[in-house]
Amino acid sequence: MGPRSPYPGFSSLCVGSGTCTKSSSPHANSVKRPGATGQMTALMACRQVSRCWQRWLSWPSLAPQPLQIPGVPTSRSLASTATAIHFSPATRSLFDEPLGISVQGLSPRQQVTLRASLQDEAGELFEAHARYQASEDGELDLARCPALPGGSFSGLEPMGLLWALQPRKAFWRLVKKDVQTPFLLRLEVLEGHGDDPGRLLAQAQHERAFLRDGVRRVPVRDGRIRATLFLPPGNGPFPGVIDLYGTGGGLPEYRACLLANYGFAVLALAFYGYEDLPKEMKEINLEYFEEAVNYMLQHDQVKGPGIGLLGFSKGGDLCISMASFLKGIKATAVINGSVANVGAVVRYKDVTIPPLGANAKRIKVNKSGIGDIIDALNNPLEGPDRQSFIPLEKAECRFLFIVGQDDHNWKSEFFATEGSKRLQAHGKEKPEIICYPGAGHYIEPPFFPMCAASMHLLVGMPVMWGGEPKAHCEAQIDAWQQIQAFFHRHLKGEPSRTANKL
C-alpha cells in the first residue's frame with residue numbers, strides 16, 4: 001500500500017486504491033496508472049466525488065491553512081448582487097492543493113458560465129471556462145455538479161477551472177518566477193451559456209501561493225554554486241533534495257519550494273543561463289554538481305547520511321550522471337528523463353560522456369509549424385551512440401522513474417525500461433517505474449495546466465510535448481505523491497558531515 005493521498009477527490013489515482021494494472025515488463029517494478037474505468041452516471045459520480053471532496057474539506061490536518069503573505073491583499077468577493085462565489089480555503093491556498101469552489105444565490109436550475117483567468121508575471125493571460133446548471137436550491141458546488149458540454153471541459157471536475165487553463169499567447173507555458181508572491185486566480189459567474197454569455201452575476205479572486213508559512217528561502221552563492229535553498233519550518237535536520245530542471249536554463253524555484261512545504265530541505269540548482277554561469281549548455285562538468293552535493297551534505301539542516309536528487313527532462317539525465325559518479329546520493333527521482341546523456345558533453349575527472357546523436361530529418365513538422373521530435377534522437381543501444389549511455393549501474397542509490405506515456409519530447413518509457421535492464425544486468429535492484437497513460441512531457445506539480453506545445457531552445461522551434469489535459473492533470477497529482485513517498489522511504493538516517501573529496 002502506498003501513502004495516503006491528501007487529494008481524496010482523486011483517490012482512484014493513488015497507490016493502493018482505484019484500478020491499477022501491473023506492467024507486463026519483467027524489467028521494472030512498473031505500475032501503469034490509467035484513468036477511471038467503467039460506466040458511471042453523472043449522479044453516481046456526483047455523489048462519490050462529493051463525499052471524497054467533503055472529507056478533504058473536513059480534515060483539518062489536510063486542509064491548507066490560510067497563508068499570511070505580507071503586503072498582499074486577501075481575496076474577496078466583488079459581487080454586488082445576491083449571487084456570491086465561495087472558495088474553500090476562503091482567501092489563500094497553496095498552488096498544489098485542491099480548492100473548493102461554489103456559487104450561491106442563483107435561481108433554481110439557472111444556467112451559468114464560470115470563467116477563470118490567471119495572469120503570469122510576464123503579463124500573459126491564461127483562461128478556462130465551463131458551463132453549469134444550478135441545483136433546485138440555487139446553489140452550484142463544483143464538487144457535486146458536473147460541467148455541461150461546450151466549455152473547456154465537461155463532467156465532474158472540481159479543479160477543472162485550474163487544470164484546463166490555457167494561454168492566449170501561442171506556445172506559452174505557465175511558470176512561476178517569484179515564489180514569494182502568489183498567482184491571483186480570478187473567477188467570474190456569467191448568465192447563460194453560448195459563445196457570448198450574458199451579464200456578469202458575480203466575480204471573486206483567490207491567491208494561489210507557493211510558500212507555506214515558515215518556509216525559509218535562502219539564496220546560495222557558495223563557491224561556484226548558484227542556487228536557492230528552501231528550508232521547512234521547525235527544527236531540522238530535514239531530508240535533503242537537489243532539484244534540477246531541463247534545457248530552459250535559469251533558476252526555476254517553484255517545484256523546490258512546493259516540495260519544501262512537505263518537510264524537505266530542497267536546493268533549486270542552476271547549471272547554465274543564470275548570473276555568471278555559462279550562458280549556453282555546451283559542456284557540463286560534474287565537479288560543479290559535486291560542490292552542490294557537498295554543500296547539502298555539510299549543511300546542519302540536512303539529514304544524512306545521503307541526499308536525494310529530483311530531475312526533469314535534461315535535469316533527469318543529469319541526476320543519473322550525478323548518482324553514477326558522486327558519493328552521498330541515496331535516492332534519485334527522474335521525471336521523463338533519459339538514461340543517455342543528451343544535449344552536451346558531460347565530463348567528470350578523466351571520464352567523458354558524449355551526447356546522444358540526433359537526426360533533424362526525423363523531425364515531423366505539422367501544418368501549424370509545430371515539430372514532433374520524438375524520433376529525432378538516435379538509439380543509445382546502437383553503434384557509437386552506446387558511449388552516451390550513462391553507467392547508472394555505478395550508482396549506490398534507489399531510482400524512481402516517472403513516465404508520461406504520451407511524452408513526445410523523447411521515448412521516456414524506453415529509456416526507463418533500458419535503464420532497468422542495465423541495473424539488473426549488473427546485479428542492482430529494479431528501479432520503480434510508474435507509467436501514466438495520456439500524460440505528456442511536462443509533468444509538473446499538481447494543477448499546473450498542461451503545456452501541449454512551446455519553444456524548444458535546443459531545437460529552435462515550437463515542439464509538441466504530448467498529453468491529454470485531464471489525464472495529464474491526474475498524473476501530476478499522483479506523481480507528486482509518489483515522489484514525496486519515495487524520498488521519505490529512502491532518505492532516513494542521522495546528520496552527516498561526510499563530503500566528496502574534490
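Starting from 1, each residue takes its place in the sequence as its number.
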Less than 4.0 angstrom from a charged side-chain N to a carboxylate O is my criterion; do Arg173 and Glu444 meet it?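 Yes, charged N to carboxylate O under 4.0 Å.
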
Any salt bridge linking Glu418 with Lys411? Criterion: basic side-chain nitrogen under 4.0 Å from a carboxylate oxygen.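 Result for this pair is no, no salt bridge flagged.
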
Can you find a heavy atom in the side chain of [X] that is under 4.5 Å from one in the side chain of [Y]?
X	Y	value
Ser135	Arg109	no
Val112	Leu201	yes
Asn336	Asn409	no
Asp120	Phe183	yes
Val189	Gln203	no
Phe238	Lys303	no
Leu318	Leu309	no
Ile370	Phe171	yes

Could you walk me through whether His86 and Val103 satisfy the side-chain contact (heavy atoms from CB on, under 4.5 Å) test, starting with their C-alpha distance in whole Å, then the side-chain angles of each, then the deciding distance to 0.1 Å, before giving a yes or no? CA-CA 6 Å; His86 296 274; Val103 182; over 6 Å; no

Side-chain donor-acceptor pair present, Asp407, Ser412, cut-off under 3.5 Å: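 Yes - a donor-acceptor pair under 3.5 Å links their side chains.
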
For His456 and Thr247, does a side-chain donor sit closer than 3.5 Å to a side-chain acceptor?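 No, no side-chain donor-acceptor pair sits under 3.5 Å.
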
One pair to check against salt bridge (Lys or Arg N to Asp or Glu O under 4.0 Å): Arg199 and Glu191. What are the steps and the verdict? CA-CA 5 Å; Arg199 65 188 178 94; Glu191 192 173 46; 3.5 Å; yes

So which atom in [X] and which in [Y] form the shortest heavy-atom distance, rounded to 0.1 Å?
X	Y	value
Glu121	Asp178	OE2-N, 2.9 Å
Leu458	Gly343	CD1-CA, 4.3 Å
Ala116	Leu185	CB-CD1, 4.2 Å
Gly263	Pro239	O-CD, 3.5 Å
Leu258	Pro445	CD1-CB, 3.8 Å
Leu140	Cys145	CD1-CB, 3.7 Å

How are the rings of Phe87 and His206 set relative to one another: parallel (under 30°), tilted (30 to 60°) or perpendicular (over 60°)?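 If you compare the ring of Phe87 with that of His206, the planes turn out tilted.
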
Does the plane of the ring in Phe153 sit parallel, tilted or perpendicular to the ring in Trp163? Use 30° and 60° as the thresholds.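 Taking Trp163 first and then Phe153, their aromatic rings sit tilted (interplane angle of 30° to 60°).
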
Go through Glu253 and Arg217 one step at a time and tell me if the salt bridge (Lys or Arg N to Asp or Glu O under 4.0 Å) criterion holds. CA-CA 10 Å; Glu253 296 181 356; Arg217 177 184 177 275; 3.0 Å; yes

Might you work through the side-chain hydrogen bond (donor to acceptor under 3.5 Å, both in side chains) test for His472 and Gln476, ending with a clear yes or no? CA-CA 6 Å; His472 192 89; Gln476 290 184 157; 3.2 Å; yes

Nearest-0.5 Å distance, [atom1] of residue [X] to [atom2] of residue [Y]:
X	Y	atom1	atom2	value
Ile320	Asp317	CD1	CG	6.5 Å
Ile101	Leu114	CD1	CG	7.5 Å
Cys257	Phe95	SG	CZ	11.0 Å
Lys330	His490	NZ	NE2	12.0 Å
Ile434	Gln481	CD1	CD	11.5 Å
Arg115	Leu187	CZ	CG	10.0 Å

Given the side-chain rings of Phe448 and Tyr254, with only the six-membered ring counted for Trp, is the space between their centroids under 6.0 Å?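 So the answer is yes for these two rings.
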
Aromatic contact between Tyr262 and His488, with the criterion being ring centroids under 6.0 Å apart: yes or no?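 No, the ring centres sit 6.0 Å or more apart.
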
Under 3.5 Å: donor-acceptor pair, side chain of [X], backbone of [Y]:
X	Y	value
Lys314	Val342	yes
Gln110	Ser107	yes
Asn261	Arg212	yes
Ser93	Pro89	no
Arg216	Pro232	yes
Asp406	Gly438	no
Asp372	Ile363	no
Thr113	Gly192	yes
Glu157	Met159	no

So which of Tyr442, Trp172, Trp465 actually passes side chain to side chain donor-acceptor pair (under 3.5 Å) with Ser454?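 Option passing the side chain to side chain donor-acceptor pair (under 3.5 Å) with Ser454: Trp465.
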
Go through the steps for Leu259 and Gln484 under the test side-chain contact (heavy atoms from CB on, under 4.5 Å), then give the verdict. CA-CA 8 Å; Leu259 187 58; Gln484 293 176 47; 3.8 Å; yes

Evaluate side-chain contact (heavy atoms from CB on, under 4.5 Å) for Phe401 paired with Val339, printing each intermediate quantity in order. CA-CA 10 Å; Phe401 289 92; Val339 293; 4.1 Å; yes

If you draw the axis of the six-membered ring of Phe486, does the NZ or CZ of Arg398 fall within 45° of it and under 6.0 Å from the ring centre?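 Output no; distance or angle outside limits.
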
Sequence neighbours left out, cut at 3.5 Å: what donor-acceptor pairs do the side chains of residues 123-130 make with other protein atoms?
unit_1, atom_1, unit_2, atom_2, d
Glu127, OE1, Arg168, NE, 2.8
Glu127, OE2, Arg168, NH2, 3.0

Within the supplied structure, the quantity of interest is the number of heavy atoms (other residues, nucleotides, ligands) at a distance under 6.0 Å from Asp196 CG; does it exceed 12?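 For Asp196, atom CG is not crowded (no more than 12 foreign heavy atoms under 6.0 Å).
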
Which is it for Phe312 and His441 under the ring-ring contact (aromatic ring centres under 6.0 Å, His included) test, yes or no, and what are the steps along the way? CA-CA 9 Å; Phe312 161 75; His441 187 62; 4.9 Å; yes

side-chain contact (heavy atoms from CB on, under 4.5 Å) partner of Gln301, the single match among Asn235, Leu231, Val218: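 The residue from Asn235, Leu231, Val218 that satisfies side-chain contact (heavy atoms from CB on, under 4.5 Å) with Gln301 turns out to be Leu231.
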
Begin from the C-alpha positions of Cys435 and Glu413 and carry the test side-chain contact (heavy atoms from CB on, under 4.5 Å) through to its verdict. CA-CA 8 Å; Cys435 296; Glu413 188 171 10; 3.7 Å; yes

